[in-house]
There are 2 protein chains.
Amino acid sequence: MRKIAESCEMKAGSLYYHFASKDQILTEVLNIGIQKVHAAVARSLSDAPAGATAIDKLKRAISGHLHTLLEYSSFTSANVRIFRQVPDEIQNSNLEVRRAYEALWDGFLQELQDAGELRNDVDPRSLRLMLIGALNATLEWFDPALGNISDLADRYADMLANGALKKGD
Amino acid sequence: MRKIAESCEMKAGSLYYHFASKDQILTEVLNIGIQKVHAAVARSLSDAPAGATAIDKLKRAISGHLHTLLEYSSFTSANVRIFRQVPDEIQNSNLEVRRAYEALWDGFLQELQDAGELRNDVDPRSLRLMLIGALNATLEWFDPALGNISDLADRYADMLANGALKKGD
DNA sequence: GGATATTTCTAACAAACGTTAGGTAGGAGG
DNA sequence: CCTCCTACCTAACGTTTGTTAGAAATATCC
């Protein structure tokens, strides 16, 4: 609390004027991070032109996720790192937010499969878990000041859509 | 320290007979986790028959990583979650271990590319980052008691090698 | 300028923390 | 049986932590 306060140019006691407790700050940080990403991905998908291909849509969703994930990395990386260490009550609150976001992806990927774009033997939930895991890990190594997020998103979408091995194997 | 001691059926003061400090325990936990995974993946690759295909090798490497990652999840999940929160000295020590393991994957993927198995436009380092991110995220949702790790490894290898979208897009 | 509201500070508190050093218990060896 | 070694316990310590309540500072309104 003293370090958080310092970064706000306040003292620890002052934080309690704005927040009821440290746990409330935790709850807000964990939830806001995912909510921001959720909104960005939803917007990316809803902004897609009617004739967008499957990989275009995938690129949009991935791009939306990565841009916001990295823009709000103070929130999102906190979520990824400390979620399992916070009190159950806070985890439960955040699980609700996480589930809402997961449902967005599951719906999107199910749509792709229903449209015949996604391989029949690929389970949308498995793909979503792998995908989000891969995207979130960028928090640990990608530096937006050095790399281009859109390029990163395109590379990831391409590898996930088309695979890393040459076709014909 | 009191909680760690309790799980060892000891008292906190007793831990200092075995370890110099809490930071030493941290260092060991972070390092051992990755070293175990490193050894398993190296063994999986060296055990591959001479005529193994690219995807067979990839499956082996992924399987080695996932089996050990999940077997030693107390160590490996600690690494993934708290690495960024430990003192610089401990991070630096662990970075050396991490880099050694990364070099193994980079070498393996570079071999695949040199052999013409990996797409020319796929950067081995990017693939490795995405791959390890996706694999490590399984710590957060996969329950070895409920799911089969080998099946998981096969699904991940397949999706990463061949992509999730139907070919022809 | 005074009253009120908002925001921050301060000093303090109890609890938790990492660690220490001496003590204790049990086992091994002579 | 005594000595030594290993492993653990204990009580204590200084530090850090989250939080509180009253005071003070600042801003707003009339």
Side-chain angles (χ1 to χ4, degrees), chain A residues 1-37 69 71-99 136 139-140, chain B residues 1-37 39 69 71-98 136 139-140:
Chain A
M1 294 303 277
R2 285 167 176 80
K3 282 185 175 178
I4 291 173
E6 184 181 10
S7 73
C8 297
E9 294 180 9
M10 290 198 276
K11 302 297 182 181
S14 312
L15 292 175
Y16 294 88
Y17 178 78
H18 302 279
F19 294 92
S21 65
K22 176 181 176 180
D23 278 357
Q24 201 199 20
I25 294 178
L26 276 175
T27 299
E28 295 296 325
V29 168
L30 295 189
N31 287 351
I32 285 173
I34 299 188
Q35 284 161 346
K36 292 286 188 182
V37 174
L69 184 88
E71 181 184 349
Y72 291 92
S73 62
S74 298
F75 295 79
T76 53
S77 62
N79 190 302
V80 171
R81 292 172 192 165
I82 67 171
F83 175 78
R84 291 290 178 199
Q85 299 162 47
V86 301
D88 286 348
E89 188 179 317
I90 301 181
Q91 278 196 29
N92 290 338
S93 164
N94 192 241
L95 275 171
E96 288 182 34
V97 177
R98 284 184 172 207
R99 291 206 173 107
N136 289 351
L139 283 164
E140 301 307 317
Chain B
M1 295 304 277
R2 285 166 175 82
K3 283 185 175 178
I4 291 173
E6 183 180 10
S7 72
C8 297
E9 293 179 10
M10 292 198 271
K11 301 296 182 183
S14 312
L15 293 175
Y16 294 89
Y17 178 76
H18 302 279
F19 294 93
S21 67
K22 176 182 176 180
D23 278 356
Q24 201 200 19
I25 294 178
L26 274 175
T27 299
E28 293 295 326
V29 168
L30 295 190
N31 288 352
I32 285 175
I34 299 188
Q35 283 160 347
K36 291 287 188 183
V37 174
L69 184 88
E71 181 184 349
Y72 291 91
S73 63
S74 298
F75 295 79
T76 54
S77 61
N79 189 301
V80 170
R81 291 172 192 165
I82 68 171
F83 175 77
R84 292 290 178 196
Q85 300 162 45
V86 301
D88 285 348
E89 187 179 318
I90 301 182
Q91 277 195 30
N92 291 336
S93 163
N94 192 241
L95 274 172
E96 289 183 31
V97 177
R98 284 183 172 208
N136 288 351
L139 284 164
E140 300 308 316

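Proteins get letters first, then strands, A, B, ... in listed order; numbering begins at 1 in each. In this text, all values refer to a predicted model and were calculated from it rather than measured experimentally.
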- Message: On the nucleotide C/dT20, are OP1 or OP2 found under 4.0 Å from the side-chain N or O atoms that B/Y16 carries?
- Response: no
- Let me know the distance between CD1 of B/I25 and P of C/dG18, rounded to the nearest Å. 10 Å
- Checking B/I25, B/I32, B/L26 against B/V29 for side-chain contact (heavy atoms from CB on, under 4.5 Å), the one that qualifies is B/I25
- To the nearest angstrom, how far is B/Q24 atom CD from C/dT20 atom P? 12 Å
- Rounded to the nearest 0.5 Å, what's the gap from CG on A/L15 to CD1 on A/I4? Could you check? 6.5 Å
- Query: What is the distance, rounded to the nearest whole Å, between atom NZ of B/K22 and atom C1' of D/dT15?
  - Reply: 13 Å
- Query: Donor-acceptor pair, B/N94 side chain versus B/I90 backbone, under 3.5 Å?
  - Reply: no
- Query: Distance from A/N92 atom CG to A/E89 atom CD, nearest 0.5 Å?
  - Reply: 8.0 Å
- To the nearest angstrom, how far is A/F19 atom CZ from D/dT20 atom C1'? 18 Å
- NZ/A/K11 to CD/A/E6 distance, rounded to the nearest 0.5 angstrom? 8.0 Å
- How long is the line joining CG of A/L26 and C1' of D/dG18, in whole Å? 12 Å
- Message: How would you summarise protein contacts on nucleotides 9-14 of chain C per nucleotide, using B for base, S for sugar-phosphate only and - for none, with heavy-atom distances below 4.0 Å?
- Response: BB-B--
- Pairwise side-chain contact, A/N79 with A/R98, heavy-atom cut-off 4.5 Å (strictly under): yes
- Message: From CG of B/L15 over to P of C/dT19, roughly how many Å is that when rounded to an integer?
- Response: 10 Å
- Task: Please report, rounded to the nearest Å, how far the P atom of D/dC9 is from the OH atom of B/Y17.
- Result: 13 Å
- Would you kindly give the CE-to-C1' distance between A/M1 and C/dA16, to the nearest whole Å? 16 Å
- Item | DNA chain D contacts among residues 81-90 of chain A, heavy-atom distance under 4.0 Å | none
